[in-house]
Amino acid sequence: MKSVRLLPGDDATNGWGRILPQRQPSQSLAVDLKAQWVVVGAGYAGLAAARRLAENRPDDVIVLLEAGEVGENASGRNSGFAIDLPHVIGSSKDELDGSHRYMALSRAAIAYHEEQIEKFGIDCHWSQPGKYQTAVTQWGVAEFLEPFANELERLGEPYTWIDKPDLDRTLGTTHFSGAVYTPGCRLLNPAALVRGLADTLPDNVTLFENTPVTSLATTAGITLVTPGGSVKAERMILGVNAFAPYLGYYRNRVLPFAANASLSRQLTTAERKALGCESEWGVTPANAFASITMRYTQDHRILIRQNIYYNPKLRETEAFRQRVAAQHKRMFDERFPMLPDVHMEYTWAGYICLSHNGAPGFGRVSENVYSAVCQNAIGVTKGTISGLLAADMACGEDNKLIGYMESLGEPNRLPPRPFLDIGVRARTSWELWRARGEV
């Protein structure tokens, strides 16, 4: 039996959840259970896996364990973009073919979400305004936006080049030099979507919240021990992202990062008029490490996500959060000087899982154990499709998208710590220096 040395420690600061009505979490596990399947982690991957298992095996018992509360985990803390395009597109035929497979996976995930939202009436402010890939400097335009536009042309994907005057009017800020607009991205409240998916699970799925796995054994079946009970199952699917190494998988292959976000209070009617734009929008930066991701939401708030950094402890202090909130307020004021009295109502951290080569942690990882982790900061789509396909693979279902997912590769091996820490921090510092004008 292997002990789990680090458990999730999400706090109650997630703004996406705090603007929603209060939700009663599911019960914690307090008995010893037997099941055909156990899924660990009720984020996008785990919820999708559990639902697909229920569809594939309607007579099986499926247990879904969530260490905290649904919507308070990493899936509910992201910026709320369901992105359909790869961030990096190559020019060779093989790379272009890979991009088409990537888009097929992402768009299958988006279609899945739209089906569930429609079927169950999930209110998560899901919409399709597209997104703006922006640059602050002319260097950023030449280094990032122009190659991105050229690659979209090679893929045959629609886009619009937005010059500064039009972009200023659209976003209500003069901060950017230009943008590439693509229409396929959806925007949403991620905590509301995750809650809605969890609260509409099939009857043969039982969700237990506030139920971390404290130890596990994977010989002669699966045995998971929790603070109040245990689960014995025939097969397991992992959807725990950056915590996978603590359960014994992808050690020295995945990198835990933190991303900090702030959500403003709602703008008044006068402030909305001063901003000058009524329609919601989403902005992703040319360089995610140096600049900021922003949203103007349907309920007239402005989101800022900035300060992505290596965080192997998967924890942060309240003092650090307060410093981040002040930093985000300064950035807000620089971009929206017409809104001097708008404060950041909520500031939080979310933890993401990256691999050095951008590959997911997907597939069969040991006897009767399947994985859907390491979404490389695109969890709404990549997490969802990896969970769906892990369930299909585990059930022996024929799905051509499994091959597409496998074609993305697997996380490559990393050097041991502390050499890893030194290398990651040096590379991050280099990225920040290189794109310092894009802040």
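Source: prediction; values computed, not measured. Counting from 1, the numbers follow the sequence of the chain as shown.
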Inset, instruction - Mark yes when over 12 heavy atoms from residues, nucleotides or ligands other than E118 sit less than 6.0 Å from its CD; otherwise mark no. - result: no
Inset, instruction - Evaluate the side-chain contact (heavy atoms from CB on, under 4.5 Å) criterion for residues M236 and V39: first the C-alpha distance (whole Å), next the side-chain angles of each, then the deciding distance (0.1 Å), finally the verdict. - result: CA-CA 6 Å; M236 174 171 68; V39 180; over 6 Å; no
Inset, instruction - Report yes if the side chains of V38 and L65 come closer than 4.5 Å at any heavy-atom pair, otherwise no. - result: yes
Inset, instruction - Kindly assign one of parallel, tilted or perpendicular to the pair Y246 and F243, based on the angle between their ring planes and the thresholds 30° and 60°. - result: tilted
Legend entry - Test of ring centre spacing under 6.0 Å for Y296 and F336: no
Inset, instruction - Start with the C-alpha distance between L105 and L401, add both sets of side-chain angles, then the distance that settles side-chain contact (heavy atoms from CB on, under 4.5 Å), and finish with yes or no. - result: CA-CA 7 Å; L105 292 165; L401 293 181; 4.0 Å; yes
Inset, instruction - Over all heavy atoms of both residues, which pair between A288 and I308 is shortest? Give the atoms and the distance, please. - result: O-CD1, 3.6 Å
Inset, instruction - Scan side-chain atoms only and decide if K164 and S177 contain a donor-acceptor pair under the 3.5 Å cut-off. - result: no
Inset, instruction - Would you give the length of the straight line joining atom OG of S106 to atom CG of L85, rounded to the nearest 0.5 angstrom? - result: 8.0 Å
Legend entry - OG1 on T347 to CG on N14, rounded to 0.5 Å: 11.0 Å
Inset, instruction - Kindly give the heavy-atom pair with the smallest separation between A198 and L207, and that separation in Å. - result: CB-CD2, 4.0 Å
Inset, instruction - Report, as yes or no, whether the 6.0 Å neighbourhood of atom CZ on R436 holds more than 12 heavy atoms from other residues, nucleotides or ligands. - result: yes
Inset, instruction - Assess the side chains of E66 and N73: does a donor N or O sit below 3.5 Å from an acceptor N or O? - result: yes
Inset, instruction - Grab the two heavy atoms, one from A12 and one from R18, that are nearest each other, plus how far apart they are. - result: O-CD, 3.2 Å
Inset, instruction - Apply side chain to side chain donor-acceptor pair (under 3.5 Å) to the pair E209 and S28, showing each step before the final yes or no. - result: CA-CA 5 Å; E209 297 180 62; S28 300; over 6 Å; no
Legend entry - Whether over 12 other heavy atoms sit under 6.0 Å from H356 NE2: no
Inset, instruction - Check whether any side-chain heavy atom of Y132 lies under 4.5 Å from a side-chain heavy atom of V180, and answer yes or no. - result: no
Legend entry - Carboxylate-amine/guanidinium proximity below 4.0 Å for R272 and E278: yes
Legend entry - Y159-E151 side chain donor-acceptor pair, cut-off 3.5 Å: no
Inset, instruction - Verify, without hydrogens or angle tests, whether N189 (side chain) and H125 (backbone) share a donor-acceptor contact under 3.5 angstrom. - result: no
Inset, instruction - Grab the two heavy atoms, one from G71 and one from V194, that are nearest each other, plus how far apart they are. - result: N-CG1, 3.8 Å
Legend entry - Any donor-acceptor N/O pair, T214 side chain to V225 backbone, under 3.5 Å: yes
Inset, instruction - Check whether any side-chain heavy atom of H343 sits under 4.5 Å from a side-chain heavy atom of S264, and report yes or no. - result: no
Inset, instruction - Please report the C-alpha distance between E115 and K119 in whole Å, then the side-chain angles of each, then the deciding distance to 0.1 Å, and finally whether the salt bridge (charged side-chain N to carboxylate O under 4.0 Å, His left out) criterion is met. - result: CA-CA 6 Å; E115 179 183 355; K119 181 177 180 180; 5.8 Å; no
Legend entry - Non-hydrogen side-chain atoms of L238 and Y250 separated by less than 4.5 Å: no
Inset, instruction - Kindly give the heavy-atom pair with the smallest separation between T317 and F320, and that separation in Å. - result: OG1-N, 3.1 Å
Legend entry - Donor-acceptor under 3.5 Å (Q327 side chain, V324 main chain): no
Legend entry - Ionic contact status for R301 with E345, cut-off 4.0 Å: yes
Inset, instruction - Compare every heavy atom of A135 with every heavy atom of E438, then report the nearest pair and how far apart it is. - result: OE1-CA, 3.3 Å
Legend entry - Parallel, tilted or perpendicular: rings of W126 and H113 (30°, 60°): tilted
Inset, instruction - Walk me through it: do D199 and R195 pass the test salt bridge (charged side-chain N to carboxylate O under 4.0 Å, His left out)? - result: CA-CA 6 Å; D199 293 341; R195 285 185 182 190; over 6 Å; no
Inset, instruction - For the pair Y346 and R265, evaluate side chain to side chain donor-acceptor pair (under 3.5 Å) and give the outcome as yes or no after the intermediate values. - result: CA-CA 8 Å; Y346 307 106; R265 66 161 172 80; over 6 Å; no
Inset, instruction - Answer yes or no: is there an ion pair linking R77 with D11, defined by an N-O contact shorter than 4.0 Å? - result: yes
Legend entry - Contact check, side chains of P256 and P312, non-hydrogen atoms, under 4.5 Å: yes
Legend entry - Heavy-atom check, side chain of Q298 versus side chain of S127, under 4.5 Å: yes
Inset, instruction - State the CG-CD1 distance between L354 and I352, to the nearest 0.5 angstrom. - result: 4.5 Å
Inset, instruction - Look only at the side chain of W161 and the backbone of G178, and say whether a donor-acceptor pair between them is shorter than 3.5 Å. - result: no
Inset, instruction - Check whether any side-chain heavy atom of F81 lies under 4.5 Å from a side-chain heavy atom of T293, and answer yes or no. - result: yes
Legend entry - From CZ (R169) to OG1 (T174), nearest 0.5 Å: 13.0 Å
Inset, instruction - Could you point out which residue of R107, R186, K382 forms a salt bridge (charged side-chain N to carboxylate O under 4.0 Å, His left out) with D84? - result: R107
Legend entry - SB check R101 E406 (cutoff 4.0 Å): no
Legend entry - Close side-chain approach of R253 and S355, heavy atoms under 4.5 Å: no
Legend entry - Rounded distance (nearest 0.5 Å) linking atom CD1 of I385 with atom CD1 of I378: 14.0 Å
Legend entry - Approximate separation, where rounding is to 0.5 Å, of T384 OG1 and R51 CZ: 11.0 Å
Legend entry - Side-chain (T173) to main-chain (H175) donor-acceptor, under 3.5 angstrom: yes
Legend entry - Side-chain donor/acceptor of N260 to backbone N/O of N307, under 3.5 Å: yes
Inset, instruction - Might you work through the side-chain contact (heavy atoms from CB on, under 4.5 Å) test for W16 and L303, ending with a clear yes or no? - result: CA-CA 10 Å; W16 291 122; L303 172 101; 3.9 Å; yes
Legend entry - Side chain D421, main chain P418, donor-acceptor under 3.5 Å: no
Inset, instruction - Just say parallel, tilted or perpendicular for the rings of F144 and W139, cut-offs at 30° and 60°. - result: perpendicular
Legend entry - N-O pairing of R434 and E143 below 4.0 Å: yes
Inset, instruction - Verify, without hydrogens or angle tests, whether S291 (side chain) and P285 (backbone) share a donor-acceptor contact under 3.5 angstrom. - result: no
Inset, instruction - Determine yes or no for a side-chain-to-main-chain donor-acceptor pair under 3.5 angstrom, with S407 supplying the side chain and Y404 the backbone. - result: yes
Inset, instruction - State whether R330 and E334 are salt-bridged, where the test is any N-O pair (Lys NZ or Arg NE/NH1/NH2 against Asp/Glu carboxylate O) under 4.0 Å. - result: no
Inset, instruction - Using the test side-chain hydrogen bond (donor to acceptor under 3.5 Å, both in side chains), find all partners of Q138 that sit at least two apart in sequence or belong to another chain. - result: none
Inset, instruction - Go through the side-chain N and O atoms of T182 and Q133 and say whether any donor and acceptor fall under 3.5 Å apart. - result: no
Inset, instruction - Taking R295 for its side chain and G80 for its backbone only, find out whether a donor-acceptor pair lies under 3.5 Å. - result: yes
